[in-house]
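Letters A, B, ... are given to chains in the order of the sequence lines, protein chains preceding strands, and every chain is numbered from 1.
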Number of protein chains: 2
Amino acid sequence: MYDIFHKYLEEKITLTSEESERIRSFAILKKLRKRQYLLQEGDVWQYHAFITKGCVRTYSVDDKGNEHVIGFASENWWTGDRESLLSGNPSRFNIDALEDSEIILFTNANFELLCSEIPAFNNLINTILQRSFVVAQNRIEAALSYTAEEKYLNFVNKYPGFATRIPQSMIASYLGMTPETLSRIRSQITRK
Amino acid sequence: MYDIFHKYLEEKITLTSEESERIRSFAILKKLRKRQYLLQEGDVWQYHAFITKGCVRTYSVDDKGNEHVIGFASENWWTGDRESLLSGNPSRFNIDALEDSEIILFTNANFELLCSEIPAFNNLINTILQRSFVVAQNRIEAALSYTAEEKYLNFVNKYPGFATRIPQSMIASYLGMTPETLSRIRSQITRK
DNA sequence: CTTTTCTCTTGATCCAGATCAAGAACTTTC
DNA sequence: GAAAGTTCTTGATCTGGATCAAGAGAAAAG
């Protein structure tokens with residue numbers, strides 16, 4: 001289970017075996033069955049989480065009880081709630097498993113230690129953060145300017161794996177439309 | 001003009017006078033008159049830009065010629081196109097001045113040098129990036145789940161200064177609605 | 001296997017916000 | 001300070017996607 005993370009690191013950066021061992025020593029392995037929570041609204045998030053197997057979603061619940069899917073994450077992606085981590089406030093989000101999943105956790109304190117001790121690791125994390133920001137900005141642009149169909153095509157194009165793996169209702173929520181609309185768009189596309 | 005940036009740094013972090021001088025030595029001062037461009041679509045963005053006076057907007061133009069405002073930035077904020085900076089590809093965005101503005105530029109090379117030389121500076125920049133990501137994520141949530149009125153109230157609440165300073169049509173674009181809708185929402189709110 | 005419970009599809013209707021239009025109120029410019 | 005742009009407001013109409021509803025498939029549970 002840790003192997004996958006090790007491989008991920010090896011692909012991205014070069015580490016001495018001491019550094020590599022140091023990272024491993026902080027890793028907390030966690031398994032989640034489908035529908036189990038990694039984070040529940042109201043709890044403070046204090047980790048950095050890497051997914052080695054499975055798939056999770058981050059969502060919020062509004063006053064009227066509607067769920068809004070903020071994001072998905074699967075193998076070789078990071079997840080968590082940076083807002084709660086940064087502020088120390090209880091999270092507004094939930095993260096739960098869409099499939100049986102395996103996750104590696106680092107406490108924030110250990111993670112920061114790794115960042116300060118291992119420059120290559122720090123760079124990797126920083127690059128990921130920068131990319132995440134760019135992705136978020138592009139999603140804002142899409143949400144503001146695309147039609148429902150364009151949003152879906154853009155999603156399929158960017159994340160081909162997710163379109164079949166994740167329940168449609170959650171994809172609809174992620175894209176800011178109803179499941180009915182997404183269903184119609186899909187059948188319309190295949191008819192073309 | 002540089003004083004404002006110096007003050008900003010002093011407020012956020014502690015620097016030796018050598019470090020402070022080192023930062024200053026890399027600063028490129030730039031003035032923009034209203035409507036002038038800091039970045040034009042198709043150019044590669046290679047800087048980090050800090051605004052000491054005035055206000056700019058980042059926007060894209062779609063196939064149909066519609067402008068989509070991605071963001072605003074004014075005094076004591078950073079701006080730029082991280083996507084182009086990271087990838088080295090020509091930018092899809094434009095950044096222009098909404099008022100006569102004064103901006104401090106650092107080339108990316110110099111900026112990275114400062115980050116590696118001055119840990120406190122690096123931390124500051126990293127914190128800003130993390131916050132930017134959180135802000136972007138919250139904006140995604142708002143775009144997906146709020147009504148037009150809620151989006152506007154949320155905007156006014158978060159950025160009280162901007163609501164009066166920036167032309168309504170641009171705020172409307174930023175919020176993903178037409179200027180007519182925003183006008184109606186505004187008059188409806190004041191009537192309450 | 002069979003029942004129960006989700007998830008997806010399809011149809012009918014509705015509505016928030018878009019579009020079109022045209023006048024009013026500001027800003028620039030000369 | 002008059003003329004020419006802009007930007008903002010207000011009204012009438014339209015429409016993409018939401019909502020409501022009710023079966024059809026799939027998947028999970030017994």
Spacing of [X] atom [atom1] relative to [N] atom [atom2], expressed in whole Å:
| X | N | atom1 | atom2 | answer |
| --- | --- | --- | --- | --- |
| A/M170 | C/dC8 | CE | C1' | 14 Å |
| A/N66 | D/dG17 | CG | P | 19 Å |
| A/L98 | C/dT7 | CG | P | 11 Å |
| A/M177 | D/dT15 | CE | C1' | 16 Å |
| B/L182 | D/dT10 | CG | C1' | 14 Å |
| B/I185 | C/dG17 | CD1 | P | 6 Å |
| A/Q188 | D/dG17 | CD | P | 10 Å |
| B/E150 | C/dA16 | CD | C1' | 12 Å |

Checking all strands, does [X] fall into the base, sugar-phosphate, or nothing category for heavy-atom contacts under 4.0 angstrom?
| X | value |
| --- | --- |
| A/T178 | base |
| B/R186 | nothing |
| A/K151 | nothing |

Among the nucleotides [options], which one has an atom lying closest to any side-chain atom of [X]?
| X | options | result |
| --- | --- | --- |
| A/Q168 | C/dC8, C/dT10, D/dG17 | C/dC8 |
| A/T181 | D/dA18, D/dC20, C/dG17 | D/dA18 |
| B/E180 | D/dT10, C/dG17, D/dC8 | D/dT10 |
| B/S183 | C/dG17, C/dT10, D/dT9 | D/dT9 |

Exercise for review: Report yes if a donor N or O on one partner sits less than 3.5 Å from an acceptor N or O on the other, where the partners are the side chain of B/R35 and the base of C/dT27; otherwise report no.
Suggested key: no
Practice item. Tell whether B/R184 reaches the base of D/dG11 with its side chain through a donor-acceptor pair below 3.5 angstrom. Key: yes
Check your understanding: Got a donor-acceptor contact below 3.5 angstrom from the B/E75 side chain to the B/G54 backbone?
Key -> yes
Check your understanding: Has the side chain of B/S101 got a donor or acceptor atom that lies under 3.5 Å from a matching backbone atom of B/C55?
Key -> yes
Review point. For the ring pair A/F111 and A/W78, is the centre-to-centre distance below 6.0 Å?
Key: yes
Review point. Is atom OH of A/Y152 surrounded by more than 12 heavy atoms (other residues, nucleotides or ligands) closer than 6.0 Å?
Key: yes
Practice item. Find which nucleotide of DNA chain C each of B/Y146 and B/K34 is nearest to by heavy atoms, and output the residue with the more 5' nucleotide. Key: B/Y146
Review point. Would A/V156 and A/I189 count as a side-chain contact (heavy atoms from CB on, under 4.5 Å) if you check the C-alpha gap in whole Å, the side-chain angles of each, and the deciding distance to 0.1 Å?
Key: CA-CA 12 Å; A/V156 173; A/I189 287 168; over 6 Å; no
